[in-house]
Number of protein chains: 2
Amino acid sequence: MMEIKKRSDCPISSSLDIWGDKWSLLIVRDLMFKKQCTYGDFLKSDEKIATNILASRLQMLETNGVIIKLDHPESKAKVLYKLTQKGVDLLPLMIEINLWADKYFTLPIEIKSMLKEVKKDKDAFIKHKKIELL
Amino acid sequence: MMEIKKRSDCPISSSLDIWGDKWSLLIVRDLMFKKQCTYGDFLKSDEKIATNILASRLQMLETNGVIIKLDHPESKAKVLYKLTQKGVDLLPLMIEINLWADKYFTLPIEIKSMLKEVKKDKDAFIKHKKIELL
DNA sequence: AAATTCGCTTGCGTTTTGCAAGTGCAAATA
DNA sequence: TATTTGCACTTGCAAAACGCAAGCGAATTT
């Protein structure tokens with residue numbers, strides 16, 4: 001059902017084949033920065049993803065080892081989504097997107113203040129964040 | 001015709017609104033690493049982009065200030081495409097994609113050897129490459 | 001027992017993609 | 001000069017993906 005067709009051996013191309021669409025990295029963002037973890041939480045994000053698209057992207061990311069589904073500790077009706085190591089490793093890339101956007105868009109102050117931290121010591125920020133995510 | 005609808009103020013979302021599809025970053029890649037600059041050159045890349053998609057992405061990237069069209073020095077029939085500062089600033093992000101892919105895919109040796117350089121001194125690599133691109 | 005929450009799935013109309021062919025202008029060739 | 005070739009797109013159309021609303025089964029709450 002969810003077959004991955006690699007267009008070439010290029011690293012950019014292969015990466016885009018997995019998460020190169022308008023939604024996947026927003027799911028990763030939520031998992032990374034907002035700590036949102038349930039299906040319903042993703043739906044609450046500002047961008048308003050459609051339920052079927054969300055389901056297909058979660059499936060795609062899970063198939064490709066970027067996220068995992070876990071039982072929710074509080075309830076059997078809920079599902080917890082979490083980044084894998086492979087997903088956490090997208091952090092440097094996510095930070096660079098943020099820094100690029102910081103240069104060319106007007107960002108919310110909460111994000112600007114986070115980026116102030118990043119700019120002070122990028123490696124330290126990444127190291128700290130990775131620990132907190134795994 | 002090419003209206004940009006921002007889904008939210010999130011930097012990831014805003015960035016994806018511009019280049020968050022399966023093709024745009026491959027165009028940026030060609031401009032960045034292969035020095036391909038004409039319309040025909042893009043078509044020659046391994047991924048085989050369709051002509052109409054190429055035209056629409058070039059338009060999108062130009063509208064958003066990531067690339068510029070220039071007269072080709074050799075001929076009026078040809079067009080030269082080049083990264084702007086905004087486009088060159090995507091370099092750190094492109095490198096992080098490469099590094100992520102290096103960890104999870106098997107890459108061609110030419111690219112692996114480039115990444116060896118990158119890993120030795122990332123900032124130096126970026127600095128050098130930026131100069132060469134502008 | 002009934003209503004609500006949760007994580008999806010389904011249907012369906014609209015948009016985007018992918019492929020092939022065509023167009024107009026510039027440049028090379030005959 | 002006439003014709004062919006090359007280049008940068010544009011157009012038409014079928015297929016796939018998207019976006020919205022509604023529905024559905026299992027778990028939880030009332």
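Predicted model, so just to flag it, every value in this text is computed and none were measured. Each chain gets a letter, A, B and so on, in the order its sequence line appears, and its residues count up from 1.
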- Please state whether the phosphate of C:dC8, meaning OP1 or OP2, lies under 4.0 angstrom from any side-chain nitrogen or oxygen of A:R57. no
- Message: Keeping B:S45 on the side-chain end and B:E47 on the backbone end, is there a donor-acceptor pair under 3.5 Å?
- Response: no
- Message: Students often get this wrong, so: under 4.0 angstrom with heavy atoms, is A:F42 touching a base, only sugar-phosphate, or nothing?
- Response: nothing
- For the pair made of NZ in B:K48 and C1' in C:dA20, what is the distance, rounded to whole Å? 16 Å
- Query: Can you check the B:I53 CD1 to D:dT11 P distance for me, whole Å?
  - Reply: 15 Å
- With DNA chain D as reference, determine whether A:E74 or A:I49 sits nearer its 5' end, using the nearest nucleotide of each. A:I49
- Query: Does the side chain of B:W23 get closer than 4.0 angstrom to OP1 or OP2 of C:dT17 through an N or O atom?
  - Reply: no
- Task: Report yes or no: do B:S113 and B:E117 form a side-chain donor-acceptor pair below 3.5 Å?
- Result: no
- Task: Mind checking A:S75 for me? I need base, sugar-phosphate or nothing, with any heavy atom below 4.0 Å counting as a touch.
- Result: sugar-phosphate
- Query: Does one side chain, of B:D30 or B:Y81, offer a donor that lies under 3.5 Å from an acceptor on the other?
  - Reply: no
- Message: Without decimals, in angstroms, what is the distance between B:K76 NZ and D:dC9 C1'?
- Response: 19 Å
- Task: Counting heavy atoms from C-beta on, name the nucleotide in D:dA21, C:dC6, C:dC19 closest to the side chain of B:N52.
- Result: C:dC19
- Report the distance from atom NZ of B:K44 to atom P of D:dC7, rounded to the nearest whole Å. 7 Å
- Note on the structure: Comparing nearest nucleotides in DNA chain D, the 5'-proximal residue of the pair A:T51, A:D21 is A:D21
- Could you state the OH-C1' distance from B:Y39 to C:dG24, rounded to the nearest angstrom? 14 Å
- Does a side-chain N-to-carboxylate-O contact under 4.0 Å join A:D41 and A:K34? no
- Can you check the A:K22 NZ to C:dT17 C1' distance for me, whole Å? 13 Å
- Task: Name the nucleic acid region contacted by B:K69, choosing base, sugar-phosphate or nothing; use a 4.0 angstrom heavy-atom cut-off, strictly under.
- Result: sugar-phosphate
- Query: Would one find a side-chain N or O of B:Y81 under 4.0 angstrom from OP1 or OP2 of D:dC9?
  - Reply: yes
- Note on the structure: Closest non-hydrogen contact found for B:P11 with A:I97 is O-CG2, 4.2 Å
- Round to a whole Å and report the spacing from CD1 of A:I67 to P of C:dG7. 13 Å
- Message: When you measure only distances, ignoring hydrogens and angles, does the side chain of B:S56 come within 3.5 Å of the base of C:dT16 through a donor and an acceptor?
- Response: no
